[in-house]
Structures are given as C-alpha cells and as structure tokens.
S.K.: 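I am attaching a structure below and will ask some questions about it afterwards.
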Amino acid sequence: MPAFTTLTGTMVPLPIENIDTDQIIPARFLKTTDKTGLGNNLFADWRYDDDGNPRPDFPLNQPQYQGAQILLAGDNFGCGSSREHAPWALIGYGLRAIISTRFADIFRNNALKNGLLPVTVDQATLQQLFSLSTEDPATAITIDLASQTVTLPDGRTLSFPIDGFARYCLLNGVDQLGYLMQQMPQIEAYERTHPDRVNTLQPQ
Amino acid sequence: MTSSPPRTLFDKVWDAHVVTPQQDDTPATLYIDLHLVHEVTSPQAFSQLRERGLRVRRPDHTLATMDHSTPTLPRNAKGIIPILDAMAAAQLEQLKQNCDEFGIPVYELGSENQGIVHVIGPEQGLTQPGMTIVCGDSHTSTHGAFGALAFGIGTSEVAHVLATQCLLQSRPKTFEIRVDGRLKPGVTAKDIILAVIARIGIDGGTGHVFEYTGEAIRSLNMEGRMTICNMSIEGGARAGMVAPDDTTFEYVAGRPYAPQGQAWDNAVRTWRQLPTDEGASYDRSITLNASTLEPMITYGTNPGMGIPISERIPDPASIGDLSQRQALEKALNYMALKPGQPLLGQKVDVVFIGSCTNSRISDLRAAAQVLRGRRVADGIRMLVVPGSQRVKRQAEAEGLDKIFREAGAEWREAGCSMCIAMNGDQLQPGQYAISTSNRNFEGRQGKGGRTFLASPLTAAAAAVTGRITDAREMF
C-alpha cells in the first residue's frame with residue numbers, strides 16, 4: 001500500500017449529503033476483474049450526460065477544479081455497498097483524501113486499505129472549506145497525517161481524529177495482510193483450541 | 001454462579017472469536033467461521049493471493065456462488081441459462097477458475113444449489129447461531145438473524161480472510177432496537193425495518209451493531225428476521241443480530257450442513273447460552289411499537305426516506321436544516337414527485353419481487369396471495385425472481401410460479417436481478433419501480449430509474465392496480 005504522510009493540494013467541492021457507492025461507481029462498471037480503469041467512471045451518472053459527454057455543471061468537469069487531490073463531500077460519504085471499487089475509482093481519478101463530517105464504516109475501511117485518507121471534520125469546518133474552494137478554487141490546504149492536522153491558507157490549523165492503527169499503517173505504508181500473516185502462530189493456536197463450526201466441503 | 005459481568009449477544013459472539021485482543025493501538029484479530037464469496041468482489045482478492053504465492057487457508061470454511069452479474073433469463077431448450085454479456089461471462093468464468101485453483105466449492109450458474117449468497121447460506125444450514133460470517137457484500141448482515149455476527153467486507157479484506165481466515169477489527173458499539181407489541185395484519189418485517197431506518201436515518205447505526213429485540217421480533221419467522229437484519233446496513237450498521245430461539249433451531253434443523261444427532265444436541269445447548277444476559281447494557285437503545293406501524297414505502301433516493309403508505313410526501317419547506325432540505329429537494333427532483341403529494345395512487349411501470357431482502361419462499365407466498373386469481377395491470381412489467389434454485393423449486397412445487405405466470409408476471413431464474421441491475425434486468429430511464437429490494441439510490445435499478453421500496457404484499461398489490469396501493473384493501 002502507498003504511504004500517506006502529507007498532502008498539499010486543492011479541493012473539489014461536492015456539497016451533497018449521503019453520497020452512496022452507487023453514485024461513486026455505478027454497479028454496471030463492476031464487471032471488471034481488475035482494479036484499474038475505474039477512475040474514468042467515477043460519479044459516472046452525475047459526471048456524464050446520456051451521450052457520454054461531460055456535464056459542464058458538475059464540479060469534477062470544471063476547469064478550475066482539475067488536478068484537485070482532495071474531495072470535499074457532504075455528510076455520510078460512502079454509504080451503501082461494500083464495493084472496494086469505490087476507493088479504487090476515487091484513487092484512479094487522482095484523489096488522495098476526502099473530507100466530510102462522517103464516513104460509512106465499510107467505505108472508511110476500504111479507503112484506508114488503499115492509501116486514500118478519510119478526514120472527518122465538524123459541520124462548520126466543512127462549510128468553511130466549501131466556501132474557500134468555491135470562492136477561490138486555487139486555495140490549497142495541507143493535510144498532515146502524523147500530526148493529524150489540516151492547515152488552511154491563513155495558517156489556522158484544525159485537528160482530525162483517526163484510528164491509531166490505520167494511521168500507523170498509512171504513515172508507514174504497512175500492508176495489513178502482511179501484518180495478519182505474522183500472527184499465524186496465534187491463528188493456529190486458536191484453531192487448535194476451537195472446534196470447527198462449519199465444513200463447506202462436507203455436508204453433514 | 002458465574003461472577004463475569006452480563007454480556008450482550010454481540011459480546012458473546014465477538015469474545016468467542018478473538019484470536020488476539022484489541023490493544024490501544026492495534027485492532028483485534030477476529031476468527032471467521034464462514035466466508036461466502038461471489039464473482040463481483042473476489043477476483044482482485046484471488047489475484048492478490050496469486051501475486052504473493054499464498055493459498056486459501058481454509059477452503060473448508062469457504063463457499064462461493066454466482067449471483068450478482070448472472071442473468072435470470074429462462075433456460076434455453078438445452079436447460080442452460082444464456083449469458084448475453086461478455087464481461088459478465090468472463091467474470092463468472094474467472095470465479096470458477098479461482099475456485100478450482102484454490103479448492104473452494106462453488107455453486108455455478110443454474111446448478112441445483114445456486115442462488116443469492118444471503119439466501120443460500122441459511123437454506124443450506126451453513127449459517128448457524130454464534131458464528132462469525134463475512135462476505136464481500138454489505139447485505140451479509142442478513143445472517144445475523146440467526147444470532148451470528150455477520151458483516152460485509154471489501155475486497156482487501158476478502159483477501160485477508162482467504163489467506164488467514166481472520167480479520168483485523170476494532171470492536172463496534174452496540175445498539176438495541178426494541179420492537180414491542182404485535183404487528184397488525186398486512187404489516188410485515190419489511191415495514192418494521194423501513195420504519196426503523198426512517199426513524200434513525202441511514203447513518204444512525206454507523207459504528208454500531210444492531211440487536212433487534214422485543215415481542216414483535218420474537219414473533220417473526222426466520223425469513224422475516226432475515227429481511228430485518230438484511231437492511232441493517234441501510235441504517236448504517238455493518239451488522240444486525242437477533243438472539244437465537246426455538247424458531248431459529250427449528251429452521252436450521254435438518255438442513256444439509258446443520259449438525260446432526262449428538263452434535264445437534266450439543267450445538268443447541270451452546271446456542272441457548274447466546275442470548276443477551278439480563279442486566280447487560282447497550283451503548284444506545286430505541287423502542288418502537290409494532291402495533292402502531294403501517295405498511296411503509298419510500299419516496300426518495302435513500303432507504304431512510306420512507307413513510308407510512310397513506311401519508312403524504314414531506315415538504316422540503318418544512319425542514320429547517322439547509323443541507324437536509326436540499327437533499328430532500330434533490331431526491332424529489334430525481335423522483336419527479338411533489339412535496340405534499342400522496343403516494344397512494346402513484347403510477348408505477350415495473351414491479352420487482354426479489355433480492356436478498358425479499359426473495360425467499362414466504363416472500364413469494366405473500367406476493368402470490370395477492371396475485372391469485374388476479375392479473376397484472378396492462379402496461380405493467382412484473383418480475384418475480386426467486387432467491388435461489390432451491391426457493392424456485394419449492395415455489396414451483398407449491399404452484400406459485402403458475403399463479404405468477406397466469407397473472408402475467410415473468411418467472412425468472414435465481415439471482416440478484418434488478419436489485420443491482422448489472423445483469424441485464426434493469427429499469428429504463430424515468431421508469432418507476434416498486435421493488436422489494438433494499439436500495440432506492442439514484443440509478444440503483446438502472447440508470448435514470450426511480451425506485452419505491454416496499455414489502456412483497458405492497459409490491460404485488462401495485463402490480464394488480466398499476467398504482468401504489470394499500471394491499472390490505474385487497475384481502
């Protein structure tokens with residue numbers, strides 16, 4: 001997994017509540033057996049018209065927001081399905097962090113395992129960031145994971161919470177599967193002391 | 001007498017599966033008893049195993065089925081279900097190859113046990129009380145109806161479980177949803193869960209595991225309990241649980257993977273220890289009264305936008321919070337519905353009976369009860385999609401398929417079908433569907449499609465009249 005330490009960049013605002021994973025990447029794009037190529041279809045049904053042309057009123061299509069690496073989104077981002085295609089699509093587009101007031105549990109887990117940082121802020125801060133990015137799209141902010149802070153252009157600093165283990169893994173690019181594999185002795189010990197509850201290879 | 005503090009059902013199942021305990025800076029390692037796999041969220045996980053030279057640690061705890069991208073078209077003359085979409089065909093073939101290579105049993109398209117992953121686990125008796133169950137699908141919460149801890153995971157975590165049979169997890173909080181009293185006739189499990197989500201909101205359960213308690217839950221059969229647990233994720237909770245009882249044990253007994261003989265007696269003795277201890281506490285609790293519930297229906301673009309069927313759509317002007325008002329305006333705009341409009345009498349184009357929420361035999365019986373001796377209204381398309389091949393055979397043995405066909409509905413093969421619309425079954429832009437599925441997000445049932453979520457009774461009543469109708473008027 002790529003490490004995440006600091007990020008200085010511009011923001012693209014999507015001031016919509018409850019953006020679900022079907023909007024992030026519609027199910028018809030989930031027939032792939034790969035992780036790549038999903039960025040082109042990020043927010044497909046909001047981003048393109050029926051003929052496949054970019055809708056000029058959608059922020060991701062607007063020239064002033066090209067190159068933004070930070071997505072600002074309304075409350076409860078990523079609700080809905082467990083599809084990891086959602087963070088794959090966001091990363092494929094070029095985003096590295098998402099700022100919202102709340103993230104759905106499964107989406108948050110999936111994002112963290114792909115080096116995409118969910119940053120939780122309060123409603124007032126989010127509204128302020130929406131204003132900043134709308135008034136001057138060139139506004140850059142700095143997210144520093146080690147200190148868990150977001151620094152605004154005027155020098156003000158806000159702190160954000162993050163699970164300690166997720167922070168450690170992101171800062172160091174730790175792959176969680178490798179971490180789990182190191183626990184094989186404990187896993188084997190657990191299996192020795194607990195009877196199997198199911199055997200899918202042998203019906204009773 | 002034990003001196004240990006009283007524990008909830010969730011606490012007991014969690015505690016029994018901890019391989020290494022949670023510390024300040026590291027999550028717990030949790031052992032997974034059953035891993036269910038399907039074609040959409042697994043290919044990249046198998047690729048990861050291959051890249052690292054890893055094997056599947058416990059293929060005997062793993063089962064795959066084909067459901068999401070599978071067509072539900074009727075079989076051809078050779079008895080084969082035709083796959084028209086080349087990408088879907090490749091994805092299904094990939095699952096078959098992966099399962100063969102890693103030694104995992106797989107229920108292939110059209111085979112006798114194939115079906116929606118959350119229908120087949122319970123019907124095979126694989127889903128049992130006290131287990132931990134995961135799948136790369138958010139509706140894995142369904143299996144919590146048996147007193148299992150069951151939740152959806154992403155593809156990275158699918159790889160973790162394939163390789164280690166474990167997951168890194170931080171302990172969630174608990175949330176009791178107590179439903180007292182008795183449901184009135186014509187009000188169902190689906191109406192309970194839509195009422196719960198309308199009350200707490202779609203993020204009300206974030207960070208929590210629900211436990212559904214109370215007389216109304218105890219009175220439900222297992223399929224009703226599955227419908228409720230299934231939609232826990234629509235209230236933001238990764239898992240929802242119901243304490244196992246005699247209803248649970250009667251359902252599990254005799255199924256292919258259920259323990260037998262002495263092993264069964266031992267299992268039931270253990271399972272009886274699972275219900276929440278008296279005096280155990282939850283982090284949050286709410287109470288609903290079942291006797292005041294009416295059939296529920298959604299009007300908007302998330303499952304929390306639901307009302308009793310006879311009520312009118314809320315007016316955004318009455319909402320103080322700006323972003324919530326805008327969200328409602330956006331939803332009504334998408335749905336092409338007006339503030340204050342009644343839903344009764346609203347025209348629909350398509351009726352969908354199916355999905356991991358409502359595709360089991362009791363759901364099909366409920367829909368058939370409304371359709372018996374009646375016709376699907378002119379111009380209405382009705383799809384009835386059984387949740388599994390086993391449900392399909394049972395329905396056919398009971399003559400339900402005949403009722404549906406004679407009414408003018410399409411009787412399909414098993415699969416996720418129009419719930420996810422990635423398999424050829426989908427709405428056309430602008431169409432209205434009344435659907436027994438779980439999500440009414442924009443475009444969920446097809447780009448530009450508009451979804452009303454409701455129970456099988458309500459959906460079947462709309463098929464007959466072509467309009468949203470209170471099914472209780474048709475009994």
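Sequence lines set the chain letters: A, B, ... in the order given, protein chains first and strands last, and positions in each chain run from 1. The analysis underlying the following values was restricted to heavy atoms, covering all of them including side chains, and did not include hydrogens, waters or symmetry mates. Please read all numbers here as calculations on a predicted model, not as lab measurements.
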S.K.: Thinking salt bridges, do A/E17 and B/R325 make one under a 4.0 Å N-O criterion?
M.R.: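 Between B/R325 and A/E17 there is no salt bridge, as every charged N stays at least 4.0 Å from the carboxylate O atoms.
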S.K.: Show your reasoning for whether side-chain contact (heavy atoms from CB on, under 4.5 Å) applies to B/M131 and A/V198.
M.R.: CA-CA 9 Å; B/M131 291 173 78; A/V198 68; 3.9 Å; yes
S.K.: Under a 4.5 Å heavy-atom cut-off, does chain B meet the side chain of A/R102, its backbone, both or neither?
M.R.: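 Contact with chain B is through the side chain of A/R102 alone.
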S.K.: Once you round to the nearest 0.5 Å, how far does CD1 of A/I187 lie from CD of B/Q165?
M.R.: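 CD of B/Q165 is found 9.0 Å from CD1 of A/I187.
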S.K.: Report which part of A/Q176 has an atom under 4.5 Å of a heavy atom belonging to chain B: side chain, backbone, both, or neither.
M.R.: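 Both parts, backbone and side chain.
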S.K.: Which atoms of B/P259 are under 4.5 Å from chain A, going by heavy atoms: the side chain, the backbone, both sets, or neither?
M.R.: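 Interface part for B/P259: backbone (N, CA, C, O).
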S.K.: Specify the closest pair of heavy atoms between A/G80 and B/I233, including all atoms of both residues, with the distance to one decimal.
M.R.: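 In this case the closest contact between A/G80 and B/I233 is O-CG1, 4.0 Å.
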S.K.: Do you know the tightest heavy-atom contact between A/Y179 and B/T26?
M.R.: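 Taking A/Y179 first and B/T26 second, the nearest heavy atoms are OH-CG2, 3.2 Å.
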S.K.: Go through the atoms of B/V18 and report whether side chain, backbone, both or neither lie under 4.5 Å from a heavy atom of chain A.
M.R.: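 Backbone only.
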S.K.: Which region of B/A237, side chain (C-beta onward) or backbone (N, CA, C, O), has a non-hydrogen atom less than 4.5 Å from a non-hydrogen atom of chain A, or is it both or neither?
M.R.: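 No part of B/A237 comes within 4.5 Å of chain A.
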S.K.: Does some side-chain heavy atom of B/E157 sit less than 4.5 Å from a side-chain heavy atom of A/E84?
M.R.: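 Not in contact.
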S.K.: Can you name the closest pair of heavy atoms from A/N114 and B/S156 and give their distance?
M.R.: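 Closest pair (atom of A/N114, atom of B/S156, distance): ND2-OG, 4.2 Å.
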S.K.: Examine whether an atom of B/T62 lies under 4.5 Å from a heavy atom of chain A, and if so say whether it belongs to the side chain, the backbone or both; otherwise answer neither.
M.R.: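 When you check distances to chain A, only backbone atoms of B/T62 fall under 4.5 Å.
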S.K.: Is atom CG of A/D154 surrounded by more than 12 heavy atoms (other residues, nucleotides or ligands) closer than 6.0 Å?
M.R.: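 Result for CG/A/D154: enclosed.
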S.K.: Would you mind checking which part of B/Q128 comes under 4.5 Å of any heavy atom in chain A, side chain (CB onward), backbone (N, CA, C, O), both or neither?
M.R.: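 Looking at B/Q128, just its side chain touches chain A.
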S.K.: So which part of B/T140 gets closer than 4.5 Å to some heavy atom of chain A, the side chain, the backbone, both or neither?
M.R.: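 Neither; nothing under 4.5 Å.
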S.K.: Are A/W46 and B/E442 linked by a side-chain donor-acceptor pair shorter than 3.5 Å?
M.R.: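 Yes, B/E442 and A/W46 have a side-chain donor paired with an acceptor closer than 3.5 Å.
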S.K.: Under a 4.0 Å threshold between the charged nitrogen and the carboxylate oxygen, would A/D196 count as salt-bridged to B/R58?
M.R.: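 A salt bridge links B/R58 with A/D196.
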S.K.: Quick check on B/Q324 against chain A: is it the side chain, the backbone, both or neither that has a heavy atom closer than 4.5 Å?
M.R.: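 For B/Q324, backbone and side chain are both near chain A.
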S.K.: Any heavy-atom pair between the side chains of B/L54 and A/M181 that's under 4.5 Å?
M.R.: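 Yes; the side chains approach each other to less than 4.5 Å.
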S.K.: Tell me which of these, B/N302, B/L63, B/I202, has more heavy-atom pairs under 4.5 Å with chain A than the rest.
M.R.: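 Heavy-atom pair counts peak at B/I202.
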S.K.: Side chains of A/E191 and B/Y31: do they bring a donor and an acceptor to under 3.5 Å?
M.R.: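 The answer is yes; a qualifying pair exists.
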S.K.: Please identify, among A/N110, A/D75, A/L30, A/T193, the residue contributing the most non-hydrogen atom pairs under 4.5 Å to chain B.
M.R.: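 Looking at each option in turn, the highest pair count goes to A/L30.
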S.K.: Any salt bridge between A/D105 and B/R238, counting N to O under 4.0 Å?
M.R.: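 No, no charged N to carboxylate O under 4.0 Å.
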S.K.: If you tally heavy-atom pairs under 4.5 Å against chain A, which of B/G236, B/G205, B/A258 wins?
M.R.: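 Maximum pair count with chain A is reached by B/A258.
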S.K.: Step by step, work out the side-chain contact (heavy atoms from CB on, under 4.5 Å) result for A/K113 and B/H160.
M.R.: CA-CA 11 Å; A/K113 288 185 177 59; B/H160 295 180; 3.7 Å; yes
S.K.: For A/Y190, is it the side chain, the backbone, both, or neither that has a heavy atom closer than 4.5 Å to a heavy atom of chain B?
M.R.: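 The side chain, not the backbone.
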S.K.: Show your reasoning for whether side-chain contact (heavy atoms from CB on, under 4.5 Å) applies to A/F29 and B/M422.
M.R.: CA-CA 8 Å; A/F29 300 114; B/M422 62 179 293; over 6 Å; no
S.K.: Can a donor-acceptor pair be found between the side chains of B/T29 and A/Q183 at a distance below 3.5 Å?
M.R.: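 Distance-only check passes for B/T29 and A/Q183.
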S.K.: Looking at chain B, which one of A/H85, A/Q23, A/R28 has the largest number of heavy-atom pairs inside 4.5 Å, strictly under?
M.R.: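 The answer is A/Q23.
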S.K.: Please state whether the side chain, the backbone, both or neither of B/A88 comes within less than 4.5 Å of a heavy atom of chain A.
M.R.: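 For B/A88, the contact with chain A is made by backbone and side chain together.
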S.K.: Name the member of B/T301, B/V40, B/D24, B/N438 that forms the most heavy-atom pairs with chain A at distances under 4.5 Å.
M.R.: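 Maximum pair count with chain A is reached by B/V40.
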S.K.: OG1 of B/T270 to CZ of A/R197: how many Å apart, nearest 0.5 Å?
M.R.: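 One gets 9.5 Å once the value is rounded to the nearest 0.5 Å.
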S.K.: Side chain, backbone, both or neither: which part of B/D203 has an atom under 4.5 Å from a heavy atom of chain A?
M.R.: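 Looking at B/D203, backbone and side chain both touch chain A.
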S.K.: Of the non-hydrogen atoms in A/T33 and B/P43, which two are nearest, and what is the gap between them?
M.R.: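 Taking A/T33 first and B/P43 second, the nearest heavy atoms are CB-CB, 3.7 Å.
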S.K.: Scan A/H194, A/E188, A/Q186 and name whichever one has a side-chain contact (heavy atoms from CB on, under 4.5 Å) with B/V19.
M.R.: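 Per the side-chain contact (heavy atoms from CB on, under 4.5 Å) rule, the option paired with B/V19 is A/Q186, out of A/H194, A/E188, A/Q186.
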S.K.: B/R57 and A/M184: which non-hydrogen atoms are nearest, and at how many Å?
M.R.: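 Looking at all heavy atoms of both residues, the shortest contact is NH1-SD, 3.9 Å.
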S.K.: Report yes if some heavy atom in the side chain of B/L168 is under 4.5 Å from a heavy atom in the side chain of A/L180; otherwise report no.
M.R.: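 Contact flag for B/L168/A/L180 side chains = yes.
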S.K.: Less than 4.5 Å to any heavy atom of chain A: does that hold for the side chain of B/Q94, its backbone, both, or neither?
M.R.: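 Answer is side chain: those atoms of B/Q94 sit under 4.5 Å from chain A.
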S.K.: Check each atom of B/R255 against the heavy atoms of chain A and say whether the ones under 4.5 Å are side chain, backbone, both or neither.
M.R.: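 No part of it gets close to chain A.
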S.K.: So which residue, B/Q48, B/R52, B/E39, ends up with the most heavy-atom pairs under 4.5 Å with chain A?
M.R.: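 Of B/Q48, B/R52, B/E39, B/R52 has the most heavy-atom pairs under 4.5 Å with chain A.
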S.K.: Roughly how far apart are B/S138 OG and A/R83 CZ, rounded to 0.5 Å?
M.R.: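 The OG atom of B/S138 sits 8.5 Å away from the CZ atom of A/R83.
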S.K.: Taking all atoms of both residues into account, what is the closest heavy-atom pair of A/L177 and B/A159, and its distance?
M.R.: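 Looking at all heavy atoms of both residues, the shortest contact is CD1-O, 4.4 Å.
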S.K.: Would B/K447 and A/D50 pass as an ion pair if we require N to O under 4.0 Å?
M.R.: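 Looking at A/D50 together with B/K447, the answer is yes, because their closest N to O distance falls below 4.0 Å.
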S.K.: Who among B/A16, B/A327, B/S42, B/C135 has the most heavy-atom pairs with chain A under 4.5 Å?
M.R.: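 Most heavy-atom pairs within the cutoff with chain A belong to B/A16.
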S.K.: At a heavy-atom distance under 4.5 Å, which candidate from A/I16, A/D34, A/N109, A/D163 has the highest pair count against chain B?
M.R.: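 If we count pairs closer than 4.5 Å to chain B, A/D34 comes out on top.
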S.K.: Can you tell if the side chain of A/T200 reaches within under 4.5 Å of the side chain of B/L34, non-hydrogen atoms only?
M.R.: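 Yes - at least one pair of side-chain heavy atoms lies under 4.5 Å apart.
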S.K.: Before accepting this row, confirm whether a basic side-chain N of the pair B/R444/A/D45 lies closer than 4.0 Å to the acidic partner's carboxylate O.
M.R.: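 Salt bridge absent between B/R444 and A/D45.
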S.K.: For B/L92, is it the side chain, the backbone, both, or neither that has a heavy atom closer than 4.5 Å to a heavy atom of chain A?
M.R.: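 For B/L92, neither part sits under 4.5 Å from chain A.
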S.K.: Show, in sequence, the C-alpha distance, side-chain angles and deciding distance for A/S81 and B/H139, and conclude whether the side-chain contact (heavy atoms from CB on, under 4.5 Å) test is met.
M.R.: CA-CA 8 Å; A/S81 88; B/H139 293 112; over 6 Å; no
S.K.: Contact between A/D20 and B/F441 at the side-chain level, heavy atoms closer than 4.5 Å - yes or no?
M.R.: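 They are in contact (side-chain heavy atoms under 4.5 Å apart), so the answer is yes.
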S.K.: Nearest 0.5 angstrom please: B/T206 OG1 to A/F103 CZ, how far?
M.R.: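 Going from the OG1 atom of B/T206 to the CZ atom of A/F103 covers 12.0 Å.
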S.K.: About how many Å separate CD1 of B/I153 and CD1 of A/I106, when rounded to the nearest 0.5 Å?
M.R.: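 The CD1 atom of A/I106 sits 9.5 Å away from the CD1 atom of B/I153.
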S.K.: Check each atom of B/D85 against the heavy atoms of chain A and say whether the ones under 4.5 Å are side chain, backbone, both or neither.
M.R.: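 The answer is the side chain of B/D85.
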S.K.: Among B/G207, B/G125, B/S47, B/G304, which residue forms the greatest number of heavy-atom pairs with chain A at distances under 4.5 Å?
M.R.: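 Most pairs with chain A among the choices: B/G207.
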S.K.: Taking side chain as everything from C-beta outward and backbone as N, CA, C, O, which of these in B/H17 sits under 4.5 Å from a heavy atom of chain A? Side chain, backbone, both or neither.
M.R.: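 For B/H17, heavy atoms of backbone and side chain both lie under 4.5 Å from chain A.
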